[in-house]
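What follows is a short report on a single structure.
First listed ligand is number 1; within each ligand, the first listed atom is number 1.
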Amino acid sequence: MEIRVDNVKGEVNYKKAIEEFGVTPIDEELEKLKRVTNLDKLYRRGIIFAHRDLHAITDAIKNKKKFSVLTGVNPSGPLHFGNKLFVDQAKFFQNNGADVFIPISNDESYVFRKVKNIDDATKNAYNIVIPELIALGLKKRKTHIFVSTRYRKIYELAVKLSTKITFSMIKAIFGFNNETSPGQIFYGVVQVAHILSPQLEEFGGPKPVVVPIGIDQDPYMRLARDIAVKSGFMKPSSTYHKFIRGLSGGKMSGSKPNNAIFLTDSPKIAEKKIMRAITGGGGSAEEQKKNGGNPDNCSVYDYLKMHLIEDDNKLKKIYDDCRSGRRLCGECKKEAAELMKKFLIKFDEKLERAKDQVDDYLIHER
Ligand code: SF4
């Protein structure tokens, strides 16, 4: 396993990752969270596996205090189901009282050369990504979205924070070399400004903020937490979720179109991707009937577990039937494809309506 920022290779050993990154296993905090709210499926099913200081959020929910959740989005392309995982977590906290903040990092898309032209990323943000976020069901008055280069206060905050960050702190995150541009170096500071932005005075000042992330993004969190208190903010909390497997193997990635299902894929395309997916099934139907399959290493099961099935009993039956060999991959893929098609048809209707609502979700400069 190799984990660096934006670079995950091979099967991830989450137990080892907890040790390596020094984060806290979720179990104990989950018991406390369970006492103050109904847990989302991502928590019930072990998909969120670790945290830092989640107790600050549990306390805020319990005592009905103000808190926020922050999740960033890179607008270099349309959103996929890996991105949906972040939004689902934001919705869980929003349903428990949080304001949701979403910086759209058109600056990151450009400085890391994910797009050729920054205007393309900006247009993509307003025309595609923000309507998609709205269509995923975030609440109007409790969601605050901004496009990074269009929100001056982020850069003002980044400039202030930059005096507390050294080159070696940034280098430890990215592992820079001689090809690294100054924009990439400064983007590390902008990312920290994003994380701390819900605590700006105009949003009510310091408060608990939780940032759901993949474990590979933890170095950003460490940097933000390191400088938060000396910059007048509270240390942000974080939760860590398991990666969704790519349909053609490895971690899901938006840069490999057949590896991920995009929210704007047609039902037909999504069905094709699922029917061709790599599963945890045996070599032949006979073998699978005899030895069973392995849902714990199956991209189709990941979609069922993380996105498509709400009912825990139904999911457990699929798991058990797969393990025992009663369920074969062909029928399982068909069922997943049907559920996916239903989701995408509904999503498309919501997306049409969301296009007219973009302005209601944006933070406007005061
Ligand atoms: Fe995956 Fe379903 Fe095949 Fe089991 S039966 S390995 S869950 S596709």
* To do: Inspect the contact between Glu286 and Lys290 and indicate whether a charged nitrogen and a carboxylate oxygen are less than 4.0 angstrom apart.
  => no
* Heavy atoms, side chains only, cut-off 4.5 Å: are Arg323 and Asn294 in contact? -> yes
* Asked: Which atoms of ligand 1 are found less than 4.0 Å from any heavy atom of Gly281?
  -> 6 (S)
* Asked: Against heavy atoms of Gly280, which atoms of ligand 1 measure under 4.0 Å?
  -> 6 (S)
* Asked: Knowing that exactly one of Gln217, His51, Arg52 qualifies, which makes a side-chain hydrogen bond (donor to acceptor under 3.5 Å, both in side chains) with Tyr240?
  -> Arg52
* To do: Please identify which atoms of ligand 1 are closer than 4.0 Å to at least one heavy atom of Gln288.
  => 3 (Fe), 5 (S)
* Asked: Mind checking whether Glu331 has a heavy atom under 4.0 Å from ligand 1?
  -> no
* For side chain to side chain contact (heavy atoms under 4.5 Å, CB included), just list the numbers for Tyr14 and Ile18, CA-CA rounded to whole Å, side-chain angles, deciding distance to a tenth of an Å, and then say yes or no. => CA-CA 6 Å; Tyr14 290 102; Ile18 284 175; 5.6 Å; no
* Asked: Quick one: nearest non-hydrogen protein atom to atom 4 (Fe) of ligand 1, plus distance?
  -> Cys322 SG, 2.3 Å
* Any side-chain heavy atom of Phe186 sitting closer than 4.5 Å to one from Asp107? -> no
* To do: Starting from atom 1 (Fe) of ligand 1, find the nearest protein heavy-atom neighbour and note its residue, name and distance.
  => Cys298 SG, 2.3 Å
* Measure the spacing between NZ of Lys160 and CD1 of Ile227 and express it to the nearest 0.5 Å. => 12.5 Å
* Measure from atom 3 (Fe) of ligand 1 to each N, O or S atom of Cys329 and report whether any distance is below 2.8 Å. => yes
* ligand 1 versus Lys333, non-hydrogen atoms closer than 4.0 Å: side chain, backbone, both, neither? -> neither
* Structure fact -> re atom 2 (Fe) of ligand 1, the protein heavy-atom contact at minimum distance is Cys332 SG, 2.4 Å
* Structure fact -> Note: ligand 1 atoms sitting under 4.0 Å from heavy atoms of Thr279 are 8 (S)
* **Pair Glu331 + Lys334: basic N to acidic O under 4.0 Å** => no
